[in-house]
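All chains are named by letter (A, B, ...) in the order of the sequence lines, taking the proteins before the strands, and each is independently numbered beginning at 1.
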Protein chains: 2
Amino acid sequence: MTIHHQPDKAAPNKDLIDAVRAFNRFYTRQIGLLDEGLLKSAFSLTEARVLYELAHREGLTATDLGRDLGLDAGYVSRLLKKFERLHLISRVTLVSDARQSSIALTPAGRDAFAPLNKDSHDQVAALLGRLPASEQERLVKSMRTVQRLLDDNAEPKIPYLLRPLQVGDIGWITRRQGMLYAQDYGWDETYEALVAEILAAFVKSFDPKWERGWIAEREGEVVGSVFVVRKSDQVAKLRLLYVEPSARGLGIGKRLVEECIGFARARGYKTLTLWTNDILTAARHIYQAAGFKLIEEEPHHSFGKDLVGQNWDLEL
Amino acid sequence: MTIHHQPDKAAPNKDLIDAVRAFNRFYTRQIGLLDEGLLKSAFSLTEARVLYELAHREGLTATDLGRDLGLDAGYVSRLLKKFERLHLISRVTLVSDARQSSIALTPAGRDAFAPLNKDSHDQVAALLGRLPASEQERLVKSMRTVQRLLDDNAEPKIPYLLRPLQVGDIGWITRRQGMLYAQDYGWDETYEALVAEILAAFVKSFDPKWERGWIAEREGEVVGSVFVVRKSDQVAKLRLLYVEPSARGLGIGKRLVEECIGFARARGYKTLTLWTNDILTAARHIYQAAGFKLIEEEPHHSFGKDLVGQNWDLEL
DNA sequence: TCATTTACTTGACGGAGTCAACTATATAAG
DNA sequence: CTTATATAGTTGACTCCGTCAAGTAAATGA
C-alpha cells in the first residue's frame, strides 16, 4: 500500500539546528566527565583511544588509526614509537606495501589495556545504573538512532529480518500507517482507526494454520509489515502491506509479498486477493511484478478523500 | 488502569554498556570533526565555549563557568583576563560578595562571538542538511531523549500538557498499553487487540458533543491518555486511562481523571462509570480519591490470565 | 575573634598536539 | 623503462592548552 520513492533532503530549520548544537555542547561536557576518570592512568586520553582501537580491530596501520581517530600523522607516529618502546605493540611490515606495517597489541599491551578498559566499562555501568532498566533501553536505542543517522557508512550488517507479530506491533503499525497516509495523502484519522480495527480483528480471530503476519525489522525497529487472512477455504487476502520510508529501496515490500504468496500456496489456497487504492503506485508495481491482476476498480469516499479502490487477484 | 510506582533501578547488562561506550567513541570523533572547523578562528575551542556560555547566559561568575564547562579555576581566570584585555568582557563585582564578579560580554565581545557562532551554526546546518526532513526530526528527538535521560537536572520547563487526539495517537496508545501490561502483568496480545478495537470504535463513532479523549504530552512524547465515551444519555464511561512509567509522580493520572469528570458534568451526564481490574492498585487509588465507588466485582479469564474485573461509578 | 571555607589569581611547568621538512615506497603517465 | 606524483611514515621544532600548587582577599561559621 504505502510504498514510494525516498523523500528528498531538506534545508534544516533553526530549532533543529539549535537542538543539535545544544546536544553537542551537552555531550562535549558528558564525554569530558567520563574522560576525567581515565586521566589517572599512565596513558593520555588519546593513547587510551589508540589502545582501544588496537584491542578491538586487527591489522590496523598507522594511517588507519590517524584517520579513524582524527589524529595528526606525526603524533600517531610518536605514540606508536612510545608503545613499541614499552613493548605494548608489535609491527609487521606489509608484504603488499613496504611503507606500511600492521600493528598489533602484544600480550603486555593487552595487559596494559585491560585496566583502562575496565575503568571505562565500570564508569559507563555506573552511569547507566542510575536509570531504571526501561530507561536504559530507551537511552541506548536513542544513541543507536543518533549514531546511525550521523554515520554515513554505518549501514547495518543485516539489512532487515522478518519475524512474527509480537506485543506492541499492532499499535506501532497502526500509528505508522496512520501517520504516513495522513502525511502523504491527507487521509484523516478514520484510516488509522481502520488499520486498528483490522489488526484487532486479526489478533482476536487469529488462526495460525490459515493466517500469518510478517514484521520486517531493521536494527530493532519495525520497518514494514504485511498480513495474510483467510476469507474462505479457497481464498486468502493480503492486507496492510507497508514499508517505512527510511527502509525503502531494500526490496522489503517485494519480499513481504513473496512471503505472503509462498504461505498462501503452501496452505493450499487457490487465490490470493487484495484491496488497494489507485494512488498507491509503488505498491501496485510490486503487486504487478508478483503476478497479481487487476480485477475491478470502484470509486469510494473514505478517510476524507475521494479515492479509487482496486481489487487485485493472484491465481496460485 | 496502568498506574503504579516508579520501577527500580537495575544493574545494566553488558550489551547496553558496550553500546553506550560505542556511542561515546563515535561522538568523541563527531565532536572532534565539528570542532575542527572552529579551530581556524582566533580563539581556542575552550575560549569559544566560554564565549558561548557568556553570550547565552547572564550574570555568570568565573566559578560558574569553570563548573559548567569543567575547567580548571586557574585556567578560567587566565582566559577571562585575556578577554578583558581584548575588551570582550566586562566584570562587575557583586555587591553580595566582593570576591565574585558578574561577567558580561561587551558589544565588542558579541561581535567577536558572532562569526564563531555562525560557523558552528552553518556546520550543524550542513550536517543536518544531508538528511531528509523526517530523519532530521528523528535525530533531534533521539538527541533530546539522550540528553534528558543523562542530565539529572534537565527537567522540562512544562511538566506536561493535555491536547486532543491526533493522527498517530491511537496506534501509539495501543502499543504502549499492550507492552506495559504484557511486561508488568504478563497479559497476552489480545489485550493490545482490545485496546485497538476500543480506540478504533471511538474514532469511528466519535461524537464530539458527548465524547472526548485527552492526550498528555511531555517534550513532544505521549505520556498518558484517557477517553470518555457515551453509553447512554445518562451514563458516560471512562476508558483506557494510562500514564507512562517515566512520567508517573507528576499527577498526570489524577489530572486526566479530573478532566473526564469535569467534561461528564458539563455535558449533563448523571453517572460516570468505568471498568478496571483489581490488580491495578495505583489506578484504583486515583478513582477512589476522585470519589468513584466500587459497584461490583467479578472474576474473568482474559488476556491469558485469571483476573477480577471491577465496575466503579461516580454519581455526578 | 579566630578558624575554615570559598572565589579568584599567579607562577611554574609539562606534555598533547601541530607544522613542515624529509625519506622511502608505490602508483600513474608517457 | 623512466619520470612525476601521491602516499606512508618519521622527525625536529615549536606552541599553547591546561594543570598544579601556593597565595590573597573576602565570606562564613563557631
Side-chain angles (χ1 to χ4, degrees), chain A residues 28-29 31-33 35-54 59-86 89-104 116, chain B residues 28-29 31-33 35-54 59-86 89-104 116:
Chain A
T28 297
R29 180 93 182 88
I31 288 172
L33 287 175
D35 288 346
E36 267 173 34
L38 294 176
L39 281 176
K40 59 173 190 271
S41 85
F43 298 100
S44 79
L45 209 62
T46 309
E47 286 171 335
R49 290 173 71 202
V50 169
L51 285 177
Y52 187 95
E53 287 297 310
L54 290 173
L60 286 168
T61 65
T63 311
D64 293 336
L65 281 169
R67 179 179 17 81
D68 294 353
L69 298 178
L71 305 174
D72 178 80
Y75 186 36
V76 171
S77 176
R78 252 182 273 275
L79 283 185
L80 293 177
K81 181 158 288 181
K82 177 183 170 189
F83 286 163
E84 209 166 22
R85 185 162 38 76
L86 296 170
I89 61 167
S90 61
R91 288 195 255 199
V92 182
T93 305
L94 295 185
V95 287
S96 60
D97 184 340
R99 295 170 305 176
Q100 305 186 71
S101 42
S102 169
I103 306 161
L116 288 184
Chain B
T28 298
R29 179 92 183 89
I31 288 172
L33 287 175
D35 289 346
E36 266 174 34
L38 294 175
L39 281 177
K40 59 173 189 272
S41 83
F43 299 100
S44 81
L45 211 60
T46 308
E47 287 171 334
R49 289 175 71 202
V50 169
L51 286 177
Y52 187 96
E53 287 297 310
L54 291 173
L60 285 168
T61 65
T63 310
D64 293 337
L65 281 170
R67 178 178 19 80
D68 294 353
L69 297 178
L71 304 175
D72 178 81
Y75 186 36
V76 170
S77 176
R78 252 181 273 274
L79 282 187
L80 294 176
K81 180 158 287 181
K82 177 184 169 189
F83 286 164
E84 209 166 20
R85 184 162 38 77
L86 296 170
I89 60 167
S90 60
R91 287 195 257 198
V92 182
T93 305
L94 294 185
V95 287
S96 61
D97 185 340
R99 294 171 306 177
Q100 305 186 72
S101 43
S102 168
I103 306 162
L116 288 185

Just the rounded figure in Å: distance from [atom2] of [N] to [atom1] of [X].
X     : N      : atom1 : atom2 : answer
A/L45 : C/dG15 : CG    : P     : 16 Å
B/F43 : D/dC17 : CZ    : C1'   : 16 Å
B/L94 : C/dC8  : CG    : C1'   : 12 Å
A/D35 : C/dA16 : CG    : P     : 14 Å
A/L65 : C/dG17 : CG    : P     : 14 Å
B/L80 : C/dT9  : CG    : P     : 7 Å
A/D64 : D/dA8  : CG    : P     : 9 Å
A/L60 : D/dG9  : CG    : C1'   : 15 Å

Next on the checklist: For A/D68, is there any backbone N or O sitting under 3.5 Å from a side-chain donor or acceptor partner on B/R29?
Outcome noted: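 Looks like yes, one N/O pair under 3.5 Å.
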Next on the checklist: If we ignore hydrogens and angles and just use 3.5 Å, is the side chain of A/D64 paired with the main-chain N or O of A/T61 as donor and acceptor?
Outcome noted: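 Side chain of A/D64 to backbone of A/T61: a pair is present.
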Contact class for [X] (heavy atom, under 4.0 Å): base, sugar-phosphate, or nothing?
X     : value
A/R67 : nothing
B/D72 : base
A/A73 : base

Checklist entry - Given the rule in the side chain to side chain contact (heavy atoms under 4.5 Å, CB included) test, do B/L86 and B/K82 qualify, once you have shown the distances and angles that lead to the verdict? => result CA-CA 6 Å; B/L86 296 170; B/K82 177 184 169 189; 4.1 Å; yes
Next on the checklist: For a quick test of reading the model: is some side-chain N or O of A/T46 closer than 4.0 Å to OP1 or OP2 of C/dG17?
Outcome noted: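 For C/dG17, OP1/OP2 do have a side-chain N/O of A/T46 under 4.0 Å.
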Checklist entry - Reckon A/R78 has a side-chain N or O less than 4.0 Å from the OP1 or OP2 of C/dC19? => result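 It does not, given that no N or O in the side chain of A/R78 lies less than 4.0 Å from OP1 or OP2 of C/dC19.
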Among [options], the one nearest [X] by side-chain distance:
X      : options                : answer
A/T61  : D/dG9, D/dA27, C/dT25  : D/dG9
A/Q100 : D/dT10, D/dG9, D/dA26  : D/dG9
B/S44  : D/dC17, D/dA27, C/dC8  : D/dC17
B/S77  : D/dA27, C/dA26, C/dC8  : C/dC8
B/T63  : C/dT9, C/dC8, D/dG9    : C/dC8
A/Y75  : D/dA13, C/dA16, D/dA26 : C/dA16

Checklist entry - If every non-hydrogen atom of B/Y75 is compared with every non-hydrogen atom of B/S44, which pair is closest and at what distance? => result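 Smallest interatomic distance, heavy atoms only, reads OH-OG, 4.2 Å.
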Checklist entry - Do you know which two heavy atoms are closest between B/I31 and A/I31, and how far apart they sit? => result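 Between these two residues, the closest heavy atoms are CD1-CD1, 4.1 Å.
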Next on the checklist: side chain to side chain contact (heavy atoms under 4.5 Å, CB included) for B/L65 and B/L54? Distances and angles first, verdict last.
Outcome noted: CA-CA 9 Å; B/L65 281 170; B/L54 291 173; 4.1 Å; yes
Item to check | Residue mapping more 5' on DNA chain C - nearest nucleotide basis, A/L79 or A/S96 | outcome: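 Closest to the 5' end, via its nearest nucleotide, is A/L79.
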Item to check | 5'-most by nearest nucleotide on DNA chain C - B/A62 or A/R99 | outcome: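 By nearest-heavy-atom nucleotide position, the 5'-most residue is B/A62.
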